[in-house]
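Below is one structure, written out as structure tokens; comments come after it.
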There are 2 protein chains.
Amino acid sequence: MTLSTQKRRLHDMVFEALATDIITGALALDTRLPIDSALGNRFEVSRTVIREAIQALASAGLVDVRHGAGTYVNGSASWDLLDTRLLEMLGNTGTIDFLINDLLDVRRMFEVEAAGLAAERATAADIAALEVVVERMRDPKTTGDEYLELNLEFHSLIVQASHNRILTGLRHQMRGVLSVMMNARQRQADEEMRIVSTAMHQMLLDSIREGRADRAQAVMLAHVQGAERSLQRTPES
Amino acid sequence: MTLSTQKRRLHDMVFEALATDIITGALALDTRLPIDSALGNRFEVSRTVIREAIQALASAGLVDVRHGAGTYVNGSASWDLLDTRLLEMLGNTGTIDFLINDLLDVRRMFEVEAAGLAAERATAADIAALEVVVERMRDPKTTGDEYLELNLEFHSLIVQASHNRILTGLRHQMRGVLSVMMNARQRQADEEMRIVSTAMHQMLLDSIREGRADRAQAVMLAHVQGAERSLQRTPES
DNA sequence: CGATATTTGTACGTATGTATT
DNA sequence: TAATACATACGTACAAATATC
């Protein structure tokens, strides 16, 4: 419950200390946090710092702040699983796998829709950018790590090519989940899979260039379903 | 550029004053904002207040804060169209219609996917909650406003029944857009449409209860496409 | 290149307001 | 009514990043 190493801002450290206790269950559901001044004494920081930390906890849904009444610990049902700081902590404590299936569902939904819209709306510039990426994917000199980067960029470009600003906004909200997931399971890009994957990307690009939305969606669906298998998706329900 | 009526927190008023100037173009792209202390003098508030306002502006993507270098106005391409406070301002200035088509695309994607997942995973409790809502929709004593409320609740319950926490998180992020949209275009629920709509909801519920994901998705697709027509969707591209 | 000034970032302590108990 | 606890705002000090001379 005390601050660990002096690494960053004070309120970040307070946040992490309290968040850890909540995530691990050391601070149980509906427990009332000590009042600001008490926490200030414990961590030996000003009340300003405590308030910023608590604000971050509330923003992540970890606590519920009630004016005049106190601050209470929320159950995991209230957590905001898109909150970057919370995701980081869940990633660090290795308790993030429970989100894999959820993420795959949403990713499929996202990518397929974006592929369809991109086929309908992609501009010449969008297509040119996609072509550059696919060209580099085909290059045998591209390393495995680079390939993963290109893969991410390709899909990001497709979302952009959908020219739907809410879609891109939501995609941006998902960046935290995606990145934590990536770190949790470092993807193995073996040679065979890479060849198949590159062919898929090429087909996707062709479909978009030709404006064939149905085909783009079908190819994307096959593509992400392939990725799901490679992530050894655990069976549902 | 000065503070209007004393209604809320000081930093909210500063935020609104600056945001208005950015949205209307009075503060042009790449313009450098006055330094904190100058803004403090102009608005006659402390630097604390200015900093909180600028933090909110940065969080909405309206400005780019560079440590030691100054704070610069962003173009609309950088705005975060999911930011609640920004959306409110766009709604108030009546410049929100450009998002209608984007929202409809995303809504279709969302609802269809959620319907499919719900059909696969809905628990007895989920279905019971949906039944209550549909029953009240069928009740002829339900008023038009109540019907709209029930409609929203029905779709919210379906997302919950998908038991996908990322999906529900993203849906939550969309609440701001949805609500601003609703206010911008007050939906007319005429009698004829209401009968069709209720039948759709009943079919959806049946599909979910029977676990028929494909049918649930098809019905939902037809349903939201009907809603799109009623919103007089403007042609694309 | 280095020294200095500018500007944002973080933190403190205090005072007062407001909602709840 | 009073006590408690969170909310907002002020002014100050110093640190860190950047710009300028």
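Predicted model, so just to flag it, every value in this text is computed and none were measured. The chains referred to below are lettered A, B, ... by the order of the sequence lines, with proteins before strands, and numbering in each begins at 1.
Here A:R9 does not reach the OP1 or OP2 of C:dA11: none of its side-chain N or O atoms lies under 4.0 Å away. OP1 or OP2 of C:dT8 sits under 4.0 Å from a side-chain N or O of B:T71. Contact between the side-chain N/O atoms of A:H11 and the OP1/OP2 oxygens of C:dT10 is not found at any separation under 4.0 Å. Residue A:R66 places no side-chain N or O under 4.0 Å from the OP1 or OP2 atom of C:dT20.
Without hydrogens or angle criteria, A:D102 side chain to B:R165 main chain gives a donor-acceptor distance under 3.5 Å. Not one N or O on the side chain of B:S156 forms a donor-acceptor pair closer than 3.5 Å with the backbone of B:L152.
Counting atom types as modelled, B:H67 pairs a side-chain N or O with a base atom of D:dA16 as donor and acceptor under 3.5 Å. Judged by distance alone, with hydrogens and angles left aside, B:R47 brings a side-chain donor or acceptor within reach of the base of C:dG9, the pair sitting under 3.5 Å. Scanning atom types as modelled, no donor and acceptor separated by under 3.5 angstrom connect the side chain of A:R32 and the base of D:dA5.
The side chain of B:V45 lies closest to D:dC10, out of C:dT10, D:dA7, D:dC10. Comparing C:dT21, D:dC6, D:dA7 by their nearest atom to the side chain of A:D36 picks out D:dC6.
In this structure, A:I35 atom CD1 and D:dA3 atom C1' are separated by 12 Å, rounded to whole Å. Between A:I50 atom CD1 and C:dC12 atom C1' there is a gap of 13 Å when expressed in whole angstrom units. Distance B:R51 CZ to C:dA11 P: 11 Å, rounded to the nearest Å. If you take CZ of A:F43 and C1' of C:dT10, they are 18 Å apart, rounded to a whole angstrom. For the pair B:D12 CG and D:dA7 P, the interatomic distance rounds to 14 Å; values are reported in whole Å. A:E44 has its CD atom 15 Å from the P atom of C:dA11, to the nearest Å. To the nearest angstrom, P of C:dG9 lies 10 Å from CG of B:D64. Computed from coordinates, the A:M13 CE to C:dT10 C1' distance equals 12 Å when rounded to whole Å.
Residue A:F110 comes nearest to A:L167 through the heavy atom pair CE2-O, 3.5 Å, listed as atom of the first residue, atom of the second, then distance.
Annotation for B:E131: atom CD counts as buried by contact number, over 12 foreign heavy atoms lying within 6.0 Å.
Take the nearest nucleotide of DNA chain C for B:L33 and for B:T48: the residue whose nucleotide is more 5' is B:L33. Judged by closest nucleotide on DNA chain C, B:G68 is the one of A:S46 and B:G68 placed further toward the 5' end.
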Test log, rule salt bridge (charged side-chain N to carboxylate O under 4.0 Å, His left out), inputs A:D126 and A:R121: CA-CA 9 Å; A:D126 293 328; A:R121 305 178 187 168; over 6 Å; no

